[in-house]
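Working notes for the structure below.
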Amino acid sequence: MTEVSSLTGRLLVATPALADPNFDRAVVLLLDHDEQGSLGVVLNRPTPVVVGDILLPWAALAGDPGVVFQGGPVGLDSALGIAVIPGDEGPLGWRRVHGAIGLVDLEAPPELLAPALGSLRIFAGYSGWGPGQLEDELGDGAWYVVESEPGDISFPDPAGLWRAVLRRQRSELAMVATYPDDPSLN
């Protein structure tokens, strides 16, 4: 098996050619990527479910919009908390993934993390790939891989995140942001 260079903490941005409806114009934050596989959450799929309806203790800490996001098609009955915590050390109940971005232990008392939280989003489910599966998709041109920024976690307009992430790239990739929603209407 070839060595896998870790993409943990980076974003997968769906190419316009990606045909899977679960990932149409998706922006996925990779939380883990190694030879065992990959795990991430889709950052731009808000649901109508209010955080307080399923995780009341965390509702006051969830950023706007205060809804649960669909992290992917796998494990929709589970929840993941992703938070930005500035500084070198995070509180108990938070595990750094990349830079200021980390996972929140939703079993921990929210008051442990409240003073340190910069932003928090709750995700139902996740996106997962088995060993080599993501590398195959990358080879097929299904995803662009770009750097994440802490603001991606709490982007105020989830529907606009795909375009915003592409637009900030310093290459021809920025032009992909202008790709029409339905190219047949061109």
Side-chain angles (χ1 to χ4, degrees), residues 4-51 53-55 58-59 61-84 94-99 101-107 119-166 176 181:
V4 174
S5 177
S6 181
L7 300 176
T8 298
R10 298 188 73 190
L11 297 177
L12 298 177
V13 180
T15 68
L18 184 59
D20 185 338
N22 289 308
F23 297 109
D24 181 42
R25 301 227 172 180
V27 178
V28 178
L29 172 66
L30 283 175
L31 302 172
D32 194 22
H33 176 252
D34 58 27
E35 61 279 343
Q36 302 299 312
S38 304
L39 180 132
V41 290
V42 178
L43 296 177
N44 57 337
R45 295 280 192 275
T47 72
V49 178
V50 176
V51 171
D53 289 348
I54 61 165
L55 288 169
W58 292 97
L61 299 174
D64 286 334
V67 298
V68 175
F69 282 67
Q70 184 173 342
V74 182
L76 293 174
D77 58 344
S78 63
L80 290 170
I82 310 292
V84 173
W94 181 78
R95 180 179 64 84
R96 185 177 313 279
V97 170
H98 177 75
I101 301 168
L103 282 164
V104 172
D105 177 359
L106 296 174
E107 298 293 321
S119 63
L120 169 70
R121 285 250 163 105
I122 304 295
F123 296 88
Y126 60 92
S127 302
W129 294 264
Q133 186 180 5
L134 179 57
E135 288 74 18
D136 290 345
E137 290 183 18
L138 291 171
D140 291 342
W143 300 100
Y144 303 118
V145 179
V146 300
E147 295 297 325
S148 64
E149 295 182 0
D152 297 334
I153 305 304
S154 58
F155 197 76
D157 174 25
L161 183 61
W162 185 83
R163 281 195 164 90
V165 168
L166 288 170
V176 177
D181 290 335

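Keep in mind that what you see is a predicted model, and the values were worked out from it rather than measured.
In this structure, the separation between CH2 on Trp143 and CG on Leu11 is 10.5 Å, given to the nearest 0.5 Å. Of the inter-residue distances, the one linking Ser38 atom OG with Leu31 atom CG reads 10.5 Å to the nearest 0.5 angstrom. The CZ atom of Arg95 sits 5.0 Å away from atom CG of Leu103, with the distance rounded to the nearest 0.5 Å. Put simply, NE2 on His98 and CG on Asp32 are 14.0 Å apart, with the number rounded to the nearest 0.5 Å. Separating the OG1 atom in Thr47 from the CZ atom in Arg45 is a distance of 12.5 Å, to the nearest 0.5 Å.
The shortest non-hydrogen separation linking Phe155 to Gly160 is CE2-C, 3.9 Å. What you find for Ala26 and Val42 is that their closest heavy atoms are CB-CG1, 4.0 Å. The shortest heavy-atom contact between Ser127 and Phe23 is OG-CE2, 3.4 Å. Across Leu106 and Trp58, no two heavy atoms sit closer than the pair O-NE1, 3.2 Å.
One N or O on the side chain of Thr15 and one on the backbone of Gly141 form a donor-acceptor pair closer than 3.5 Å. Side chain of Asp20 to backbone of Asn22: a donor-acceptor contact under 3.5 angstrom is found. Between the side chain of Asn44 and the main chain of Arg25, a donor-acceptor pair closer than 3.5 Å is present. For Asp24 (side chain) and Pro21 (main-chain N/O), no donor-acceptor pair under 3.5 Å exists by modelled atom type.
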| task | Mind running side chain to side chain contact (heavy atoms under 4.5 Å, CB included) on Leu29 and Val97 for me, showing each step along the way? | result | CA-CA 10 Å; Leu29 172 66; Val97 170; 5.8 Å; no
| Taking it one step at a time, do Asp152 and Val27 satisfy side chain to side chain contact (heavy atoms under 4.5 Å, CB included)? | CA-CA 9 Å; Asp152 297 334; Val27 178; 6.0 Å; no
| field | Intermediate values then yes/no, side chain to side chain contact (heavy atoms under 4.5 Å, CB included), Leu138 and Leu7 | value | CA-CA 12 Å; Leu138 291 171; Leu7 300 176; 3.8 Å; yes
In a table with atom names and distances, give each donor-acceptor pair under 3.5 Å that connects a side chain of residues 62-83 to protein atoms at least two apart or in another chain.
{"from": "Ser78", "atom 1": "OG", "to": "Gly75", "atom 2": "O", "distance (Å)": "2.7"}

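Just one of Glu135, Glu137, His33 meets the side chain to side chain donor-acceptor pair (under 3.5 Å) condition when paired with Trp129; it is Glu137.
Val13 has its side chain out of reach of Val176: every pair of non-hydrogen atoms, C-beta onward, lies at least 4.5 Å apart. A heavy-atom distance below 4.5 Å is not found between the side chains of Val84 and Ser154.
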